[in-house]
Amino acid sequence: MGFWEPLFFWMFALGALITSLTVIVVRNPLYSALALIVDFFFFAGLYVLLSAHFLAIVQVLVYGGAIMVLFLFIIMLLNLRDEELGENRFQLHFVAAIASGLAIFFFAGASILAVVSDEGVEQGRQEYARQMEQVEEGEKVALLTGSQIPGLAADLNETGLEAAYQAQLTAWEAGLGNPAQGKYNRFDNSVPFELPPALSAEAREGQVTPGRQGLYGTFKPISIALVNRFVVPFELTAILLLAAIIGAMIIAKRRVA
């Protein structure tokens with residue numbers, strides 16, 4: 001695992017926790033929105049630690065840049081003052097909200113710990129340490145210790161993620177599965193799944209992404225999956241957003257009239 005990765009994880013995790021609490025604690029909506037923007041940056045850092053670099057960039061550009069700018073514009077346009085916000089009075093639902101949040105937090109933590117085998121994790125770490133002693137300096141070794149849930153890893157690094165992703169693509173290419181398995185029902189199960197040619201073994205052979213080795217977490221596999229398997233849901237989402245914009249304009253026009 002190294003020294004820096006756990007250090008950055010705790011920095012980003014604590015920062016995300018503090019800013020998330022700030023969003024719901026402060027009374028001024030402007031400060032709440034600014035805290036939410038900082039919160040998005042901390043979450044982007046966590047995505048980077050998970051090797052989801054494309055998702056981290058989208059988190060900053062779309063949520064921290066575009067959506068929150070709109071929120072800030074609306075909040076500043078309302079120009080809410082302290083007397084309009086009212087006094088900060090203690091109410092019973094505050095206690096209920098805090099108790100519910102803590103209960104969900106401990107339930108999620110207990111659920112994650114229940115599916116991770118301590119013995120399996122320790123064996124994986126020992127095997128990784130033995131491999132690291134045998135390789136030359138600078139050579140990368142895959143770290144991927146599993147859990148009782150398929151696809152959920154207890155320990156991993158970028159090399160292990162890339163190896164698991166390449167194995168998944170190879171299985172899909174051999175007809176042993178598809179991205180829809182266990183997630184959603186396909187429109188026509190009689191049609192066999194075909195891996196996009198851009199993700200075939202020939203296309204992946206010897207491919208190097210600038211700045212790192214492999215495909216996992218980059219924009220290429222996401223864009224290929226988006227314009228192939230998920231192009232219909234993507235277009236339906238665009239139509240839904242357009243309908244929401246038109247509806248908002250009609251409602252606002254009626255109120256002005």
Side-chain angles (χ1 to χ4, degrees), residues 1-17 42-57 105-183 193 195 199-222 224-225:
M1 295 290 290
F3 170 76
W4 294 106
E5 186 174 353
L7 176 62
F8 279 111
F9 168 77
W10 285 110
M11 288 174 54
F12 292 142
L14 291 176
L17 181 61
F42 282 120
F43 272 101
L46 293 175
Y47 290 144
V48 171
L49 293 180
L50 292 173
S51 295
H53 305 93
F54 176 78
L55 191 60
I57 295 173
F105 176 79
F106 285 111
F107 175 76
S111 301
I112 294 174
L113 293 176
V115 300
V116 176
S117 173
D118 295 335
E119 183 179 354
V121 171
E122 187 61 29
Q123 291 177 357
R125 290 176 178 175
Q126 293 176 1
E127 179 64 26
Y128 176 74
R130 286 194 295 267
Q131 294 180 8
M132 288 296 294
E133 293 176 354
Q134 299 173 359
V135 300
E136 299 179 357
E137 185 178 356
E139 188 175 350
K140 297 182 178 180
V141 177
L143 171 63
L144 191 64
T145 57
S147 64
Q148 298 179 16
I149 296 181
L152 180 64
D155 286 338
L156 49 82
N157 59 5
E158 192 167 284
T159 306
L161 277 172
E162 182 60 31
Y165 181 64
Q166 295 292 340
Q168 189 179 56
L169 291 178
T170 303
W172 291 348
E173 194 171 19
L176 302 178
N178 59 77
Q181 191 171 5
K183 297 180 181 178
F193 170 77
L195 193 70
L199 292 179
S200 62
E202 294 78 9
R204 302 197 310 270
E205 186 177 359
Q207 180 171 276
V208 178
T209 303
R212 62 189 297 269
Q213 176 73 36
L215 287 172
Y216 185 88
T218 60
F219 68 91
K220 184 173 183 178
I222 297 176
I224 292 173

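These numbers come from a predicted model, not from an experiment.
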Asker: Going from CG on Leu17 to CZ on Phe12, what distance comes out if it is rounded to the nearest 0.5 angstrom?
Answerer: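 Atom-to-atom, Leu17:CG and Phe12:CZ are 15.0 Å apart.
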Asker: Could you pull out the closest heavy-atom pair between Ala56 and Ala44, with the gap in Å?
Answerer: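 Scanning both residues completely, I find the closest heavy atoms to be CB-O, 3.4 Å.
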Asker: The criterion is side chain to side chain contact (heavy atoms under 4.5 Å, CB included); which residues satisfy it with Ala16, sequence neighbours excluded?
Answerer: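 Residues passing side chain to side chain contact (heavy atoms under 4.5 Å, CB included) with Ala16: Asp39, Phe42, Phe43.
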Asker: Using side chain to side chain contact (heavy atoms under 4.5 Å, CB included) as the criterion, list what pairs up with Phe9, not counting sequence neighbours.
Answerer: Ala13, Leu46, Leu49
Asker: The criterion is side chain to side chain contact (heavy atoms under 4.5 Å, CB included); which residues satisfy it with Glu127, sequence neighbours excluded?
Answerer: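 Side chain to side chain contact (heavy atoms under 4.5 Å, CB included) check on Glu127 returns Arg130, Gln131.
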